[in-house]
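Down below is the structure, laid out as structure tokens.
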Amino acid sequence: MQNFIPSQDISTKLTLLNTYHNTILEEYRSNIFDLEFKDFTNEQNYYISKFKQGYPIGFDTYSKARLKSDKLGWHIAPLFAQKKPFTLNARRLPTLISVLDQIGFTDVCAINVLDPGQSLNWHIDKDYIPGVQLLRVIWGMDIFDGSCIQILNPDYSVETKIMKNKEFYIFHPQSMHRVENLGDTPRAVVCIDYIVDDKYRESGISL
């Protein structure tokens, strides 16, 4: 199993995000306080501590979650689910939504924010459909400094990537991984869960 996978091995269309990065970033910063973010900090920390797994986020768990407050933690703003845009956020971020639609990876897509001094400890994330492989595509959208992502290799060595704007971090979510923000500002990334198996993508199966 590869750990970090080059973006060109997945789709050359991903480079569209870098082409429009300046516009996407300006749009995000201009509308950040009007976006709907939910706070999953407690849920993530509990699940990771107890099960070594990320908290499963779906329609039900999202609807029940608390809105983001001033409390530091890990937050999510949905963009697409089952190929449909999340209207409240989509209307604030038309450039990002348009670019993601052109790329075509819109099964599950969101902005994830990790606040300063926060981390998600070692964990895996389960596939949505048992036996159907996903790849996690993370794109640096608004990162200043101090953030990293790590993957645990089969020999127990750790591969670390310092996160930067316009960089891709692509891996299988069932690889053991962790993230950390030691910087002074929130780290915002676009997170795309991409179904690898074409027959499931073409069938329109619901996640």
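Source: prediction; values computed, not measured.
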* To do: Nearest 0.5 Å please: distance from the CD1 atom of Ile138 over to the CD1 atom of Ile192.
  => 10.0 Å

* **Min side-chain heavy-atom separation Tyr20-Leu96 under 4.5 Å** => no

* **Main-chain N/O of Glu26 paired with Ser30 side-chain donor or acceptor, under 3.5 Å** => yes

* **Backbone N/O of Gly58 and side chain of Thr61: donor-acceptor pair under 3.5 Å** => yes

* Would you sort out whether Leu17 and Leu100 count as a side chain to side chain contact (heavy atoms under 4.5 Å, CB included), showing the intermediate values? => CA-CA 8 Å; Leu17 285 165; Leu100 290 169; 4.2 Å; yes

* Asked: Where do Asp142 and Arg187 land on the salt bridge (charged side-chain N to carboxylate O under 4.0 Å, His left out) test, with the steps shown first?
  -> CA-CA 6 Å; Asp142 193 2; Arg187 180 224 69 181; over 6 Å; no

* To do: If the plane angle is over 60° it's perpendicular, under 30° parallel, otherwise tilted; pick one for His123 and His177.
  => tilted

* Co-membership, hydrophobic cluster, residues Leu67 and Leu35, 4.5 Å side-chain -> no

* Asked: Counting distance only, does the side-chain N/O of His75 pair as donor-acceptor with the main-chain N or O of Asn112 below 3.5 Å?
  -> no

* **Any side-chain heavy-atom pair of Asp115 and Asn181 under 4.5 Å** => no

* **same_hphob_cluster(Ile57, Ile124) at 4.5 Å side-chain heavy-atom cutoff** => no

* Structure fact -> Given the options Leu152, Ile151, Ile48, Trp122 meets side-chain contact (heavy atoms from CB on, under 4.5 Å) only with Leu152

* Could you tell me whether the side chain of Ser69 and the main chain of Lys71 form a donor-acceptor pair under 3.5 Å? => yes

* Hey, are the side chains of Leu79 and Ile111 touching, using non-hydrogen atoms and a 4.5 Å cut-off? -> yes

* Please state whether the rings of Tyr55 and Phe40 are parallel, tilted or perpendicular, taking 30° and 60° as the class boundaries. => tilted

* Side-chain donor/acceptor of Asn18 to backbone N/O of Lys166, under 3.5 Å -> yes

* Could you tell me whether a side-chain N or O of Thr15 sits under 3.5 Å from a main-chain N or O of Thr12, the two making a donor and an acceptor? => yes

* Grab the two heavy atoms, one from Gly54 and one from Tyr47, that are nearest each other, plus how far apart they are. => O-CD2, 3.8 Å

* **Non-hydrogen side-chain atoms of Pro78 and Asn89 separated by less than 4.5 Å** => yes

* Euclidean distance, Leu182 CG relative to Gln118 CD, rounded to 0.5 Å -> 10.5 Å

* Do the non-hydrogen side-chain atoms of Phe86 and Phe80 ever get within less than 4.5 Å of each other? -> no

* Has the side chain of Asn165 got a donor or acceptor atom that lies under 3.5 Å from a matching backbone atom of Ile143? -> yes

* Audit row: Ile195, Gln133, side chain to side chain contact (heavy atoms under 4.5 Å, CB included) steps and yes/no -> CA-CA 6 Å; Ile195 298 176; Gln133 190 181 65; over 6 Å; no

* Asked: Can you tell me how far the CD atom of Gln53 sits from the NZ atom of Lys50, to the nearest 0.5 Å?
  -> 12.0 Å

* Check whether the side chains of Tyr62 and Glu36 place a donor and an acceptor atom closer than 3.5 Å, and report yes or no. => yes

* Asked: Is there a donor in the side chain of His172 and an acceptor in the side chain of Asn3, or the other way round, less than 3.5 Å apart?
  -> no

* Structure fact -> In terms of heavy-atom contacts, Met141 and Ile24 come closest through SD-CG2, 3.9 Å

* Any Lys/Arg nitrogen of Glu43 or Arg66 sitting under 4.0 Å from an Asp/Glu carboxylate oxygen of the other? -> yes

* Measure the CG-CD1 distance between Leu114 and Ile149 for me, rounded to the nearest 0.5 Å. => 10.5 Å

* Straight-line distance of Gln82 CD to Asp107 CG, nearest 0.5 Å -> 8.5 Å

* **Flag side-chain contact, heavy atom, 4.5 Å: Leu14 against Ile170** => yes

* Structure fact -> Separation between OG (Ser49) and CG (Asn121), nearest 0.5 Å, reads 8.5 Å

* Asked: Do the side chains of Val137 and Phe168 get nearer than 4.5 Å, heavy atoms only?
  -> yes

* To do: May I ask you to decide if Asp155's main-chain N or O and Asn153's side chain share a donor-acceptor pair within less than 3.5 Å?
  => no

* Which heavy-atom pair separates Cys191 from Arg136 by the least distance, and what is that distance? -> SG-CD, 3.1 Å

* Asked: Would Ile32 and Leu93 show up in the same hydrophobic cluster when neighbours are defined by side-chain heavy atoms closer than 4.5 Å?
  -> yes

* Flag side-chain contact, heavy atom, 4.5 Å: Phe51 against Tyr46 -> yes

* Structure fact -> Closest non-hydrogen atoms of Pro116 and Leu72, given as atom of the first, atom of the second and distance, are O-CD1, 3.8 Å

* To do: Take Ile10 and Phe105 through the test side chain to side chain contact (heavy atoms under 4.5 Å, CB included) and record every step on the way to the result.
  => CA-CA 11 Å; Ile10 308 304; Phe105 294 1; 3.7 Å; yes

* Thr41 side chain to Trp74 backbone, donor-acceptor under 3.5 Å -> yes

* Nearest non-hydrogen partners of Asn45 and Ser119, listed with the distance -> OD1-O, 4.3 Å

* Do Val158 and Tyr169 share a hydrophobic cluster, counting only Ile, Leu, Val, Met, Phe, Trp and Tyr and linking them when any side-chain heavy atoms are less than 4.5 Å apart? -> no

* To do: State, to 0.1 Å, how close Cys109 and Val190 come at their nearest heavy-atom pair, and which atoms those are.
  => SG-CG1, 3.9 Å

* Check whether any side-chain N or O of Asn31 sits under 3.5 Å from a backbone N or O of Glu27 as a donor-acceptor pair, and report yes or no. => yes

* According to a 4.5 Å side-chain heavy-atom criterion applied to Ile, Leu, Val, Met, Phe, Trp and Tyr, with indirect links allowed, do Met163 and Leu25 form part of one hydrophobic cluster? -> no

* Val113/Phe37 under side chain to side chain contact (heavy atoms under 4.5 Å, CB included): CA gap, chis, key distance, verdict -> CA-CA 9 Å; Val113 170; Phe37 277 94; 3.6 Å; yes

